[in-house]
Peer 1: 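Once you've had a glance at the structure underneath, I'll fire off some questions.
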Amino acid sequence: MHMPRTSQQLKTAPKSSLVRKHRWMVRASARCVSKSRKIAPRASKNREDEPRHLKLHIVVAGGGLGGLFLAICLTKKGFDVTVLERTQQYRAYGGPIQLASNGTGVLKAVSQRLYDIVRQNSRSFWETTSGIKDGSNGAWLFKFDAITEIPKKLQLPFAVCVDRSDLQSCLLNEISAINEDDSYGCTELRMGTKVQSYTQDKVSGKVRAQLVGAGYVEGDILVGADGIWSDVRAQMLCEPLRGRGSQSTASHTGFKLFSDLPIYETGDFFDIGYCAYIGPNHYFVTCPDRRGRIQWYAFIKGEPDGELVGSPKGFLLHQFRDWSSEVKSLISVSDDANITQRDLWDRPPCLKGWSDGNVVLLGDSCHATMPNIGQGCGLAFEDAFVLADILSNVQDLGEIERSLKTYCAKRLGRTAAIQGLGRMNSEAIKILTPLLPIKPVIDFVVSPFLPFIFELQFGYCYSFCPSKENLEDSLSNASRMRNRHELECKDTWRDMPSTMHKESEHSV
Ligand SMILES: Cc1cc2nc3c(=O)[nH]c(=O)nc-3n(C[C@H](O)[C@H](O)[C@H](O)COP(=O)(O)OP(=O)(O)OC[C@H]3O[C@@H](n4cnc5c(N)ncnc54)[C@H](O)[C@@H]3O)c2cc1C
């Protein structure tokens with residue numbers, strides 16, 4: 001994978017150094033800078049098969065997963081984009097995220113090159129088992145066969161597991177490649193630029209993103225892709241400005257989240273997609289990752305805004321003392337210093353919509369979703385795909401406001417439903433766990449219905465998938481990905497003393 005280092009030329013760096021450093025800085029290419037200075041609405045000189053539409057300049061607040069992907073979708077339609085990202089540098093942050101078939105399907109529809117490179121940097125869910133285990137003994141309770149069965153049946157691109165930072169790097173790479181191509185629009189990415197608020201001039205139709213410090217960036221449209229604590233959202237919906245935690249309008253999910261990503265070799269490492277262990281009050285999710293690591297998340301029942309736990313490892317070992325050895329071993333190999341802790345928030349669906357004149361929201365800023373359903377990123381990608389498509393039909397500046405409303409109307413029902421499913425899963429675990437000691441109730445009353453419910457749930461999530469993939473291609477790609485993944489993990493484990501990372505050494 002190649003990452004751009006400067007804007008002037010598409011320089012590439014060897015993959016190893018990129019993976020090690022995870023520090024990127026993308027500026028606009030020379031072509032992009034000169035173009036973005038003269039942003040007057042004009043007919044797009046886009047590819048001949050593309051519809052002719054206004055050449056809009058779109059300002060995006062937030063260069064996270066949703067904002068970067070939106071820039072790709074928009075520039076491929078011929079628009080110019082300025083992405084304003086508050087952080088100075090992208091850093092390696094966050095572990096693997098699941099990109100389900102709806103997410104990979106959108107990637108493939110927008111750019112085959114991007115889709116290919118994401119697959120080269122991820123592992124497939126094909127031939128793995130995901131599901132729910134009994135936290136007390138590690139026995140499987142239910143398996144989510146639908147994750148692989150639905151794409152197989154409907155010939156959809158399969159779900160992958162990709163590191164957040166690798167995905168971000170693939171998106172940045174794609175932006176650089178598009179910037180070098182004259183037949184598309186351009187993205188200028190400004191790091192260290194925080195949007196504070198916006199103003200709109202009803203006469204000119206322009207929107208100004210006011211920056212923290214001084215200055216502004218003006219465009220035809222402003223998209224708030226600035227995450228769950230969005231400043232653009234706060235102004236648009238008259239919510240407390242920069243309100244976080246319980247001061248905000250977000251809702252606490254009832255859980256605190258602890259997580260780490262230790263290098264750890266288990267006997268079934270390559271056979272697991274992801275696995276949720278459930279038990280009284282808490283649940284614990286594991287997900288094998290690249291380079292021999294396992295991401296674990298401990299969801300601990302708790303109130304918001306509490307103090308950080310001083311020694312999270314000791315705390316968690318105590319909380320999970322009666323749980324299966326698989327759970328305790330994973331906590332044991334983690335170091336206090338590496339365990340992150342945060343309150344877990346989502347947002348209730350925003351039924352009044354997310355647009356205000358020529359300003360609109362996308363991704364977590366409008367529909368932050370529980371991570372347990374693995375859909376937040378996929379939904380942000382879908383938003384971007386739909387928004388770019390709708391804007392590509394705008395023929396007149398006066399149509400923008402209505403187009404943004406159409407986008408919201410198209411996205412509201414689906415995103416609200418998936419937000420609801422995330423919450424429902426969490427509530428279902430709360431109902432299910434007291435029944436665990438009465439195993440026959442689970443076996444005879446609950447289990448027969450669950451495959452049907454999971455099939456419906458995954459079926460709905462996967463129902464937005466604008467591209468297909470034939471089964472033979474999927475199988476051969478998945479098998480290549482698995483071979484690469486196995487080699488990469490085994491290399492990592494070989495270089496480490498087994499006492500530090502092997503399951504047998506840590507079985508508790
Ligand atoms: C623990 C966890 C696990 C998850 N697992 C999955 C998974 O498996 N699958 C999945 O699909 N999703 C998953 N998600 C959800 C997913 O991470 C989010 O839905 C996704 O990142 C949303 O993208 P976004 O661009 O809307 O927001 P973000 O990725 O949060 O990006 C927002 C960006 O805006 C920037 N920003 C903020 N304020 C400003 C400002 N005022 N001005 C300029 N820039 C600003 C931020 O620095 C950030 O870069 C998970 C989330 C969590 C917390």
Side-chain angles (χ1 to χ4, degrees), residues 59-71 82-91 93-104 106-107 122 125 130 147 159-165 167-168 171 189-198 209-213 217 222-235 241-242 244 253 255-261 273-274 285 287 289 295-299 340-347 354 361-384 415 418-419 422 461:
V59 180
V60 180
L65 298 176
L68 293 177
F69 187 65
L70 176 66
T82 303
V83 178
L84 308 171
E85 168 54 44
R86 74 172 169 194
T87 50
Q88 286 288 351
Q89 274 182 333
Y90 288 117
R91 283 188 296 275
Y93 143 77
I97 62 173
Q98 181 194 345
L99 205 52
S101 288
N102 51 318
T104 52
V106 168
L107 281 182
S122 47
F125 274 89
S130 301
I147 292 183
V160 299
C161 181
V162 54
D163 266 27
R164 184 181 295 271
S165 46
L167 181 56
Q168 203 155 33
L171 297 173
L189 174 55
R190 294 198 197 167
M191 302 298 291
T193 309
K194 183 168 182 201
V195 174
Q196 186 165 38
S197 61
Y198 63 82
Q210 302 289 345
L211 308 179
V212 169
V217 177
L222 170 66
V223 182
D226 47 347
I228 184 169
W229 309 114
S230 163
D231 292 284
V232 177
R233 175 196 171 105
Q235 177 175 348
L241 197 59
R242 283 181 289 287
R244 284 189 169 232
T253 57
F255 289 99
K256 284 186 177 298
L257 186 67
F258 294 75
S259 59
D260 189 23
L261 188 56
Y274 70 86
V285 178
C287 180
D289 188 25
Q295 173 83 63
W296 60 257
Y297 297 111
F299 293 75
T340 57
Q341 21 183 329
R342 69 178 103 170
D343 290 331
L344 202 55
W345 301 87
D346 64 2
R347 284 191 177 272
W354 337 298
L361 302 178
L362 172 144
D364 275 8
S365 65
C366 43
H367 46 66
T369 307
M370 281 283 282
N372 61 15
I373 193 161
Q375 278 291 330
C377 177
L379 287 180
F381 284 6
E382 289 181 16
D383 287 349
T415 54
I418 293 181
Q419 283 181 291
C461 291

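Counting begins at 1 with the first residue of the sequence. Only a predicted model underlies this, so the values are computations on that prediction, with no experimental measurement involved. Just so you know, ligand 1 is whichever comes first in the structure, and atom 1 is the first atom listed for that ligand.
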Peer 1: Write out the residue and atom name of the closest protein heavy atom to atom 30 (O) of ligand 1, then the distance separating them to 0.1 Å.
Peer 2: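 Checking every protein heavy atom, the shortest distance to atom 30 (O) of ligand 1 gives G227 CA, 3.9 Å.
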Peer 1: Rounded at 0.5 Å granularity, tell me how far CG in L65 sits from CZ in F381.
Peer 2: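 The CG atom of L65 sits 5.5 Å away from the CZ atom of F381.
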Peer 1: Would a 4.5 Å heavy-atom cut-off, applied to side chains only, mark Y198 and V59 as touching?
Peer 2: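 The answer is no, as the side chains (C-beta and beyond) never meet within the 4.5 Å cut-off.
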Peer 1: Considering the heavy atoms of L84, write down every atom of ligand 1 situated less than 4.0 Å from one of them.
Peer 2: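 That gives atoms 43 (C), 44 (N) of ligand 1.
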Peer 1: How close do C161 and P96 get, counting heavy atoms only, and between which atoms?
Peer 2: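 In terms of heavy atoms, the two residues are closest at SG-CB, 3.4 Å.
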Peer 1: For ligand 1, which atoms, with element, lie under 4.0 Å from some heavy atom of L65?
Peer 2: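 Reading through ligand 1 atom by atom, the close ones are 21 (O), 25 (O), 29 (O).
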Peer 1: Report the C-alpha distance between T253 and W345 in whole Å, list the side-chain angles of each, state the deciding distance to 0.1 Å, and finish with yes or no for side chain to side chain contact (heavy atoms under 4.5 Å, CB included).
Peer 2: CA-CA 5 Å; T253 57; W345 301 87; 5.6 Å; no
Peer 1: Are any non-hydrogen side-chain atoms of E85 and L68 less than 4.5 angstrom apart?
Peer 2: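 In short, these two side chains do not touch, never coming nearer than 4.5 Å.
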Peer 1: Who gets closest to atom 53 (C) of ligand 1 by heavy atom: M370, R190, R342?
Peer 2: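 Ranked by closest heavy atom to atom 53 (C) of ligand 1, first place is R342.
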Peer 1: Tell me, please: is Q196 in heavy-atom contact with ligand 1, that is, under 4.0 Å?
Peer 2: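 No, that is not the case, since the closest heavy atom of the residue is not under 4.0 Å from the ligand.
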Peer 1: Which of the atoms of ligand 1 are close to A225, meaning less than 4.0 Å from one of its heavy atoms?
Peer 2: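 Contacts of ligand 1 toward A225, numbered from 1: 32 (C), 33 (C), 34 (O).
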Peer 1: Looking at ligand 1, does T193 have a heavy atom less than 4.0 Å from it?
Peer 2: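 Right, T193 reaches ligand 1.
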Peer 1: Nearest heavy-atom pair of E382 and V106: which atoms, and what distance?
Peer 2: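 Residues E382 and V106, closest heavy atoms: CG-CG2, 4.1 Å.
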Peer 1: What residue and atom, counting heavy atoms only, is the protein's closest point to atom 35 (C) of ligand 1, and at what distance?
Peer 2: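 Protein heavy atom with the smallest distance to atom 35 (C) of ligand 1: E85 OE1, 3.3 Å.
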Peer 1: Atom OG1 in T104, atom CZ in F125: separation rounded to 0.5 Å?
Peer 2: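 One gets 11.0 Å once the value is rounded to the nearest 0.5 Å.
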Peer 1: Starting from atom 4 (C) of ligand 1, find the nearest protein heavy-atom neighbour and note its residue, name and distance.
Peer 2: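 Result for atom 4 (C) of ligand 1: P371 CB, 3.7 Å.
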Peer 1: To check your reading of the model: name the closest protein heavy atom to atom 37 (C) of ligand 1, its residue, and the distance in Å.
Peer 2: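 So the nearest neighbour among protein heavy atoms is D226 O, 3.3 Å.
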Peer 1: Determine the minimum heavy-atom distance between G63 and Q168, stating which atoms define it.
Peer 2: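 Closest heavy-atom pair between G63 and Q168: O-NE2, 3.7 Å.
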Peer 1: Heavy atoms only: which of Q98, Q375, M191, R86 lies closest to atom 9 (N) of ligand 1?
Peer 2: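 Nearest heavy atom to atom 9 (N) of ligand 1 lies in Q98.
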Peer 1: Looking at G374, which atoms of ligand 1 are within less than 4.0 Å of one of its heavy atoms?
Peer 2: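 Those of ligand 1 that fall under 4.0 Å from G374 are 7 (C), 8 (O), 9 (N), 10 (C), 11 (O).
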Peer 1: Heavy-atom distances under 4.0 Å are what count here, so tell me which part of T369 touches ligand 1: side chain, backbone, both or neither.
Peer 2: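 Neither; nothing of T369 gets under 4.0 Å from ligand 1.
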Peer 1: Select the closest option to atom 1 (C) of ligand 1 among Y90, Y297, F69, judged by heavy-atom distance.
Peer 2: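 Nearest option to atom 1 (C) of ligand 1, by heavy atoms: Y297.
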Peer 1: Would you mind finding which of G63, C161, G66 brings a heavy atom closest to atom 25 (O) of ligand 1?
Peer 2: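 That would be G66.
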Peer 1: Among all protein heavy atoms, pick the one closest to atom 14 (N) of ligand 1 and tell me residue, atom and distance.
Peer 2: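 For this ligand atom, the closest protein heavy atom is R164 NH2, 4.1 Å.
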Peer 1: Should one rank V195, I97, L379 by closest heavy-atom distance to atom 13 (C) of ligand 1, which comes out on top?
Peer 2: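 Answer by nearest heavy atom: I97.
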Peer 1: For ligand 1, which is the ligand I care about here, please tell me if S365 has any N or O atom under 3.5 Å from one of the ligand's N or O atoms.
Peer 2: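 No; the residue has no nitrogen or oxygen that sits under 3.5 Å from a nitrogen or oxygen of the ligand.
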Peer 1: Say you draw a straight line from CG of L379 to OG1 of T415; how long is it, rounded to the nearest 0.5 Å?
Peer 2: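 Taking CG in L379 and OG1 in T415, the distance rounds to 6.5 Å.
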Peer 1: Among all protein heavy atoms, pick out the one at the shortest distance from atom 15 (C) of ligand 1; state its residue, atom name and that distance to 0.1 Å.
Peer 2: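 Protein heavy atom with the smallest distance to atom 15 (C) of ligand 1: G376 CA, 3.9 Å.
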Peer 1: Would you call I373 and C461 a side-chain contact if the rule is heavy atoms closer than 4.5 Å?
Peer 2: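 Counting from C-beta outward, I373 and C461 do come under 4.5 Å.
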Peer 1: Determine the minimum heavy-atom distance between C366 and D383, stating which atoms define it.
Peer 2: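 What the structure gives for the nearest pair is SG-OD2, 4.4 Å.
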Peer 1: Which one holds for L99 and ligand 1: side chain close, backbone close, both close, or neither close, with close meaning a heavy atom under 4.0 Å?
Peer 2: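 Contact part for L99 vs ligand 1: neither.
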Peer 1: Quick one: closest heavy-atom pair of C287 and Y274, and the distance?
Peer 2: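 The answer is CB-CB, 4.2 Å.
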Peer 1: What residue and heavy atom of the protein are closest to atom 31 (O) of ligand 1, and at what distance?
Peer 2: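 For atom 31 (O) of ligand 1, the nearest protein heavy atom is G64 CA, 3.4 Å.
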Peer 1: Show me which atoms of ligand 1 lie under 4.0 Å from any heavy atom of G363.
Peer 2: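 By the 4.0 Å cutoff, the relevant atoms are 26 (O).
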Peer 1: Compute the minimum heavy-atom distance from L257 to ligand 1 and say whether it is under 4.0 Å.
Peer 2: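 Per 4.0 Å heavy-atom rule, L257 contacts ligand 1.
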Peer 1: Under 4.0 angstrom from ligand 1, any heavy atom of W229?
Peer 2: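 No, W229 has no heavy atom closer than 4.0 Å to ligand 1.
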Peer 1: So do L107 and F69 actually touch side chain to side chain, heavy atoms under 4.5 Å?
Peer 2: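 Sidechains of L107 and F69: in contact.
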Peer 1: Starting from atom 12 (N) of ligand 1, what is the nearest protein heavy atom, named by residue and atom, and what distance separates them?
Peer 2: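 Scanning the protein heavy atoms, the shortest distance from atom 12 (N) of ligand 1 goes to C377 N, 3.2 Å.
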Peer 1: Enter the distance from D163:CG to L261:CG here, rounded to the nearest 0.5 Å.
Peer 2: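 One gets 6.5 Å once the value is rounded to the nearest 0.5 Å.
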Peer 1: I need the minimum non-hydrogen distance between M191 and T87, along with the two atoms involved.
Peer 2: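 Shortest heavy-atom contact: CE-O, 3.3 Å.
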Peer 1: Counting only heavy atoms, which portion of D364 has something under 4.0 Å from ligand 1: side chain, backbone, both, or neither?
Peer 2: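 Both parts.
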Peer 1: Short list, please: which atoms of ligand 1 are under 4.0 Å from a heavy atom of G378?
Peer 2: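 What qualifies from ligand 1 is 11 (O).
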Peer 1: Are V60 and L362 close enough, and set up right, to give a side chain to side chain contact (heavy atoms under 4.5 Å, CB included), and what steps lead you there?
Peer 2: CA-CA 10 Å; V60 180; L362 172 144; over 6 Å; no
